[in-house]
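Notes follow once the structure below has been shown.
Sequence lines set the chain letters: A, B, ... in the order given, protein chains first and strands last, and positions in each chain run from 1. Side-chain atoms are counted along with the backbone in the values below, which use heavy atoms only and exclude waters and symmetry mates.
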There are 2 protein chains.
Amino acid sequence: MSLRHALLGLLVDRTASGYDLLKLFDTSLANVWPATQSQIYAELNKLADTGLITIAAEGPRGRKQYALTDDGLAELRRWLTETEPQRNVRSEVLLRVFFLGVVSREQAQSYLADLATRFATEENALRELENAVEWDESDLSLYGRIALEYGLRFNTMRREWAEWAADQVK
Amino acid sequence: MSLRHALLGLLVDRTASGYDLLKLFDTSLANVWPATQSQIYAELNKLADTGLITIAAEGPRGRKQYALTDDGLAELRRWLTETEPQRNVRSEVLLRVFFLGVVSREQAQSYLADLATRFATEENALRELENAVEWDESDLSLYGRIALEYGLRFNTMRREWAEWAADQVK
DNA sequence: ACTCTACATTCCAACATTGACATGTCGCGA
DNA sequence: TCGCGACATGTCAATGTTGGAATGTAGAGT
């Protein structure tokens with residue numbers, strides 16, 4: 001499961017509460033590995049059970065600080081270097097395109113045009129995000145920049161494809 | 001659930017056995033919506049329970065022919081025109097890039113270079129597939145061609161990005 | 001004082017997905 | 001005729017994922 005390793009990765013250079021991690025998932029990892037609140041808290045407790053993170057409670061209830069252990073960092077490194085990434089291409093948008101032949105040409109055209117607009121909007125949002133981020137020279141920001149670049153290229157590719165596709169169906 | 005609608009879509013212009021459908025998933029839908037054998041047979045029985053497909057058994061055991069009903073086609077059309085596609089971007093490859101800062105620069109470089117090679121291989125395979133397919137003028141092949149074009153652009157984009165990324169880390 | 005929003009965690013039911021195991025048919029070649 | 005590989009379906013346990021409900025704290029504004 002990648003959620004486990006995503007949490008370990010986020011805890012590498014900071015300790016955080018579950019809520020902090022949830023925000024990080026909603027912002028930086030939203031387009032990479034989305035996760036819900038239920039999943040995150042459940043997984044954090046499992047990670048603590050196996051000793052990959054520690055939980056420091058500040059009182060009987062309320063905020064808890066989650067921190068990576070040496071075992072946790074080792075597990076993250078092991079995952080990155082010794083296991084194969086599974087490529088899991090699942091696109092509902094594309095699945096629909098496969099079957100557009102069953103609706104009218106007008107409806108298909110409308111669907112593709114709508115995709116083009118939607119992708120253009122997402123691309124603009126991502127460009128603004130990129131412009132807003134301040135980069136420093138650390139390795140972490142280097143890899144963050146590389147990952148963001150992927151997102152930007154992906155969005156641009158999708159927009160161009162959707163525009164081309166809408167044109168094909170005219 | 002998209003699996004349900006993927007099955008309906010595959011049954012639009014043919015009847016098929018579960019095994020046929022499994023093969024179709026492994027070939028044409030592998031890079032769009034992967035599914036396992038267990039999932040497919042279970043879902044086919046559920047679809048028959050709700051009247052969206054019919055099952056014609058050729059004997060007490062052995063092959064069964066699954067066929068779309070009018071309700072099934074209507075449900076497929078409804079899904080295509082009245083529901084919003086959920087975009088579900090989950091990429092383990094990209095998740096790993098986010099966290100490459102925790103391994104050595106050599107290992108990160110090696111990972112990105114490996115990705116570039118892998119993506120190039122996939123891109124070549126897809127190009128060959130595209131060249132092998134004979135296109136006719138029906139709408140179905142139009143949408144099939146559009147979907148294939150997406151796959152090709154996606155693979156090209158990934159390869160170019162991975163090459164660029166590997167270069168950044170040198 | 002009141003209320004609203006953000007912060008913060010837990011639990012649960014339902015559904016989706018994976019991978020393995022079990023069972024059996026059919027045709028072909030050694 | 002024996003065994004193999006392709007065809008064909010069914011079932012199970014484990015795990016992953018979603019979405020919602022429940023509960024509570026803390027601070028800021030009215």
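Remark: A:Arg4 is not positioned above the aromatic ring of A:Trp79, lacking an NZ or CZ atom under 6.0 angstrom from the ring centre and at most 45 degrees off the axis. Relative to the six-membered ring of A:Trp164, A:Arg159 misses at least one condition, a distance below 6.0 Å or an angle of at most 45° to the axis.
Here the CG atom belonging to A:Leu73 is positioned 11.0 Å from the CG atom belonging to A:Leu11, to the nearest 0.5 angstrom. One finds the NE2 atom of A:His5 at 8.5 Å from the CG atom of A:Leu47 (value rounded to the nearest 0.5 Å).
If you take CZ of A:Arg63 and C1' of D:dA26, they are 12 Å apart, rounded to a whole angstrom. Put simply, CD on A:Glu43 is 11 Å from P on D:dT15, counting in whole angstrom units. The distance between atom CG of B:Leu3 and atom C1' of D:dT18, rounded to the nearest whole Å, is 17 Å. Summarising the geometry, the separation between CG on B:Leu24 and C1' on D:dC7 is reported as 15 Å, rounded to the nearest angstrom. The CG atom of B:Asp20 sits 9 Å away from the P atom of D:dC7 (whole-angstrom rounding). Between the CD atom of A:Gln86 and the P atom of D:dT15 there is a distance of 16 Å, rounded to whole Å. Rounded to whole Å, atom C1' of D:dT17 lies 15 Å from atom CD of A:Glu92. One can place CG of B:Asp26 at 14 Å from C1' of D:dC7, the figure rounded to the nearest angstrom.
A salt bridge links A:Lys170 with A:Asp167: the closest approach of a Lys/Arg side-chain nitrogen to an acidic carboxylate oxygen falls below 4.0 angstrom. Remark: B:Glu163 does not engage B:Arg158 in a salt bridge, criterion side-chain N to carboxylate O under 4.0 Å. Between A:Glu149 and A:Arg153 there is a salt bridge, since a side-chain N of the basic residue sits under 4.0 Å from a carboxylate O of the acidic one. Salt bridge A:Asp20/A:Arg63: present, at least one basic N to carboxylate O contact under 4.0 Å. Classification of A:Glu123 and A:Arg127 as a salt-bridged pair holds, one side-chain N sitting under 4.0 Å from a carboxylate O.
Of the residues near DNA chain D, B:Gln39 and B:Lys23, the one whose nearest nucleotide (by heavy atom distance) lies more toward the 5' end is B:Lys23. Residues A:Lys46 and B:Asn45 each lie close to DNA chain D; by heavy-atom proximity, the contact nearer the 5' end of the strand is made by B:Asn45.
Contact check, B:Arg90 against D:dT18: a side-chain N or O comes under 4.0 Å of OP1 or OP2.
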Strictly under 3.5 Å: I want the nitrogen or oxygen pairs between protein and nucleotides 20-25 of chain D, one per line.
| from | atom 1 | to | atom 2 | distance (Å) |
| --- | --- | --- | --- | --- |
| D:dG20 | O6 | A:Ser38 | OG | 2.8 |

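Heavy-atom contacts of chain B under 4.0 Å fall on DNA chain C between two terminal nucleotides, which in 5' to 3' order are C:dA16 to C:dT25.
In this structure, B:Ser17 reaches the sugar-phosphate backbone alone: every heavy-atom distance under 4.0 Å involves primed, P, OP1 or OP2 atoms, never a base.
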